[in-house]
Peer 1: 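Just passing along the structure, written as structure tokens.
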Amino acid sequence: MCKNKILIAGFGSYYNGDDLLGIVVADELRKRLMNRCVKIVNVVSNGIEFIHQLMSDNFNLAIIIDTIVKNSSAGTMHIIELGPKDIVDYEKIDEISYLHKLDPGLTLVIAKSLNILPNKVVMIGCEPKNLNSLEMSAEVIECRKRVIEEIETLIKNYL
């Protein structure tokens, strides 16, 4: 029996350079973490998979891994902690018609409107250098190691 359940979602694209970060980190965590209270998924083409996973269980914490653009130096790690009050309401949910535009932020809005948002959401990622390549930049590859360490610490403290 799990006291707390954690969903880790690696958002990204195989074709946009540093945007591969979330997928790579999720894959590495899947190999390293063997805990039945932690579920790890890749969210490749849109956020529907993330929403589906949130609907499948009662998660207390969601960790979203993705590139985070804040106009800082490439490879800078960013951590954003959110609760339900931090996520805006979206009253015109039926107007969303192009599902490939469901980025992490919009998926959180949808999850909140569906009342499946965990009590705590942590977005963690790196400032990208290049989103127009098939390879990750050296800066984001280096940042990836810090992201993994931060997530492992977060999980250890949360469970």
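For the single chain, residues carry numbers from 1 onward in sequence order.
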Peer 1: Does T67 reach the side chain of N16, with side-chain heavy atoms less than 4.5 Å apart?
Peer 2: no
Peer 1: Does the D18 side chain pair with the main chain of S137, one donor and one acceptor, at a distance under 3.5 Å?
Peer 2: yes
Peer 1: Do I155 and I63 come within less than 4.5 Å of each other through their side chains, counting heavy atoms only?
Peer 2: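 A side-chain contact exists here, since the closest heavy-atom pair is under 4.5 Å.
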Peer 1: Would you call E81 and K120 a salt bridge, taking side-chain N to carboxylate O under 4.0 Å as the test?
Peer 2: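 A salt bridge is present here (some side-chain N lies under 4.0 Å from a carboxylate O).
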Peer 1: Can you tell me how far apart CZ (R144) and CE (M136) are? Round to the nearest 0.5 Å.
Peer 2: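 With rounding to 0.5 Å, CZ (R144) is 6.0 Å from CE (M136).
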Peer 1: For Y158, is there any backbone N or O sitting under 3.5 Å from a side-chain donor or acceptor partner on N4?
Peer 2: yes
Peer 1: To the closest 0.5 Å, what do you measure between CE (M55) and CG (N115)?
Peer 2: 11.0 Å
Peer 1: Ignoring hydrogens, what is the shortest heavy-atom contact between I40 and A26? Give both atom names and the distance.
Peer 2: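 What the structure gives for the nearest pair is CG2-O, 3.5 Å.
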Peer 1: Hey, does L82 have a side-chain heavy atom less than 4.5 Å from the side chain of K112?
Peer 2: no
Peer 1: Indicate, with yes or no, if L159 and I124 share a hydrophobic cluster defined by side-chain heavy-atom contacts under 4.5 Å among Ile, Leu, Val, Met, Phe, Trp and Tyr.
Peer 2: yes
Peer 1: Does atom CD of E152 have more than 12 heavy-atom neighbours, drawn from other residues, nucleotides or ligands, at distances under 6.0 Å?
Peer 2: yes
Peer 1: I need the minimum non-hydrogen distance between P118 and A62, along with the two atoms involved.
Peer 2: CG-CB, 3.8 Å
Peer 1: State whether the side chain of R146 and the backbone N or O of C126 hold a donor-acceptor pair below 3.5 Å, judged by distance alone.
Peer 2: no
Peer 1: May I ask you to decide if K5's main-chain N or O and N60's side chain share a donor-acceptor pair within less than 3.5 Å?
Peer 2: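 Indeed, once roles are kept as given, a pair shorter than 3.5 Å links the two residues.
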Peer 1: Tell me if a side-chain donor or acceptor on N42 pairs with a main-chain N or O of V44 at a distance below 3.5 Å.
Peer 2: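 No, because the side chain of N42 does not come within donor-acceptor range (under 3.5 Å) of the backbone of V44.
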Peer 1: Could you tell me the separation between the CG atom of L108 and the CD1 atom of I64, rounded to the nearest 0.5 Å?
Peer 2: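 L108 atom CG to I64 atom CD1 measures 4.0 Å (nearest 0.5 Å).
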Peer 1: Do M77 and L20 share a hydrophobic cluster, counting only Ile, Leu, Val, Met, Phe, Trp and Tyr and linking them when any side-chain heavy atoms are less than 4.5 Å apart?
Peer 2: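 Yes, M77 and L20 fall within the same hydrophobic cluster.
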Peer 1: As an exercise, state the distance from CG of L29 to CD1 of I151, rounded to the nearest 0.5 Å.
Peer 2: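 It comes to 5.0 Å.
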Peer 1: Just verifying a value: how many Å separate F11 CZ and I68 CD1, rounded to the nearest 0.5 Å?
Peer 2: 11.5 Å
Peer 1: Taking the side chain as every heavy atom from C-beta outward, state whether I148 and R32 have any pair of such atoms under 4.5 Å apart.
Peer 2: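 Result yes, sub-4.5 Å side-chain heavy-atom pair found.
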Peer 1: Looking at L114, L106, V43, which hits side-chain contact (heavy atoms from CB on, under 4.5 Å) with I51?
Peer 2: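 Per the side-chain contact (heavy atoms from CB on, under 4.5 Å) rule, the option paired with I51 is L114, out of L114, L106, V43.
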Peer 1: If you round to the nearest 0.5 Å, how far is CG of L61 from CD1 of I6?
Peer 2: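 Reported to 0.5 Å precision, the distance equals 5.0 Å.
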Peer 1: Sub-3.5 Å donor-acceptor pair from the side chain of N130 to the main-chain atoms of N132, do we have one?
Peer 2: yes
Peer 1: What are the two closest heavy atoms between E127 and S72, and how far apart are they?
Peer 2: OE1-OG, 3.0 Å
Peer 1: Just by modelled atom types, is the P128 backbone N or O under 3.5 Å from a matching donor or acceptor in the E139 side chain?
Peer 2: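 No; judged by distance alone, with no hydrogens or angles, the pair does not exist.
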Peer 1: Please tell me whether V122 and L7 are part of a single hydrophobic cluster in this structure, the criterion being side-chain heavy atoms less than 4.5 Å apart.
Peer 2: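 Result: no, two separate clusters.
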Peer 1: What are the two closest non-hydrogen atoms of K70 and H78, and how far apart are they?
Peer 2: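 Reported closest heavy-atom pair: CD-ND1, 3.6 Å.
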Peer 1: Group every Ile, Leu, Val, Met, Phe, Trp and Tyr by side-chain heavy-atom contacts under 4.5 Å, then state whether Y14 and L21 land in the same group.
Peer 2: yes
Peer 1: With heavy-atom distances below 4.5 Å as the criterion, would you say the side chains of D66 and D19 are in contact?
Peer 2: yes
Peer 1: Do V41 and M123 belong to the same hydrophobic cluster, where Ile, Leu, Val, Met, Phe, Trp and Tyr are linked whenever their side-chain heavy atoms lie under 4.5 Å apart, directly or via other members?
Peer 2: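 Linked, V41 and M123 end up in one cluster.
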Peer 1: Taking all heavy atoms of F50 and all of T107, pick out the closest pair and write down the distance.
Peer 2: CD2-OG1, 3.6 Å
